[in-house]
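I have placed the structure first, in the form of C-alpha cells, so that the comments after it can refer back to it.
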Amino acid sequence: KLTTNGDVTAAVWTVEKEALVVVANLSETAAQSVSLTLPKDAGSALKPEFKDRPSGLKLGDGRLTGEVGKAEVHVYRLTAR
C-alpha cells in the first residue's frame, strides 16, 4: 500500500503477521508530521530496520505517528508479539 500526503510518501508491505514500513519526507527544508494508519495484520511490535538510521516514530492504536526530519527516510519492521 502506497500513501502520499504532500511531501511525505509511505509504503507498507505485509506478509502474514509481519510488515515492512517505509516513510520518506521528500522536503529538503522542513520536517513533517506523520500519522499513518496501518493494516490490521501489520503486527504490533515496532523495530527500526536499520541500525544508526533515522527513527523515532511511535506505534499506537494501529497508527504510526511522529515527525520525520527534512529529507529523512524511516524504515521499520512490525511483527506480531
Side-chain angles (χ1 to χ4, degrees):
K1 177 182 177 183
L2 179 66
T3 303
T4 301
N5 184 6
D7 287 325
V8 176
T9 297
V12 180
W13 293 270
T14 57
V15 176
E16 296 180 10
K17 298 286 184 186
E18 190 168 88
L20 186 68
V21 180
V22 178
V23 182
N25 178 3
L26 305 179
S27 172
E28 294 182 1
T29 59
Q32 302 292 321
S33 293
V34 172
S35 182
L36 178 66
T37 301
L38 299 171
K40 290 182 182 184
D41 60 347
S44 57
L46 181 68
K47 178 183 171 192
E49 184 67 6
F50 302 107
K51 186 178 179 180
D52 300 324
R53 297 297 307 152
S55 62
L57 298 181
K58 304 293 181 198
L59 178 64
D61 297 324
R63 301 183 71 76
L64 194 59
T65 60
E67 186 173 276
V68 179
K70 57 186 177 182
E72 282 187 353
V73 177
H74 290 221
V75 182
Y76 300 93
R77 182 170 302 273
L78 288 105
T79 57
R81 288 187 181 196

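Atom set for the values below is all heavy atoms of this structure, side chains included, hydrogens, waters and symmetry mates excluded. As the structure is a prediction and not an experimental result, all values here were calculated from the model.
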Item checked: Pair L64-V12, side-chain contact (heavy atoms from CB on, under 4.5 Å): steps then yes or no -> CA-CA 11 Å; L64 194 59; V12 180; over 6 Å; no

Margin query: Could you report the tightest heavy-atom contact between E67 and H74, atom names first, then the distance?
Written below: O-CE1, 4.1 Å

Notebook entry, point to check: Would L38 end up clustered with V8 when hydrophobic side chains under 4.5 Å apart are linked, directly or stepwise?
Noted result: yes

Check: What closest approach, in Å, do S27 and D7 show between heavy atoms, and which atom pair accounts for it?
Finding: CB-OD2, 3.4 Å

Next item on the list: Can you see which heavy atom on A24 is nearest to which on V73, and at what distance?
Entry: CB-CG2, 4.0 Å

Next item on the list: Any chance you could measure R53, atom CZ, to Y76, atom OH, to the nearest 0.5 Å?
Entry: 11.5 Å

Next item on the list: Applying salt bridge (charged side-chain N to carboxylate O under 4.0 Å, His left out), name anything that partners R63, two or more places apart in sequence or on another chain.
Entry: none

Margin query: Taking side chain to side chain contact (heavy atoms under 4.5 Å, CB included) as the criterion, tell me which of T65, V21, V23 meets it with L57.
Written below: V23

Checklist line | Candidate pair K47 and T79, rule side-chain contact (heavy atoms from CB on, under 4.5 Å), full reasoning | finding: CA-CA 8 Å; K47 178 183 171 192; T79 57; over 6 Å; no

Checklist line | Residue pair R77 / L20: nearest heavy atoms and the distance that separates them | finding: NH2-CD1, 4.3 Å

Check: For the residue pair A19 and T14, what are the closest heavy atoms and their distance?
Finding: CB-CG2, 3.7 Å

Check: Is there a donor-acceptor pair under 3.5 Å between the side chain of N25 and the backbone N or O of E72?
Finding: no

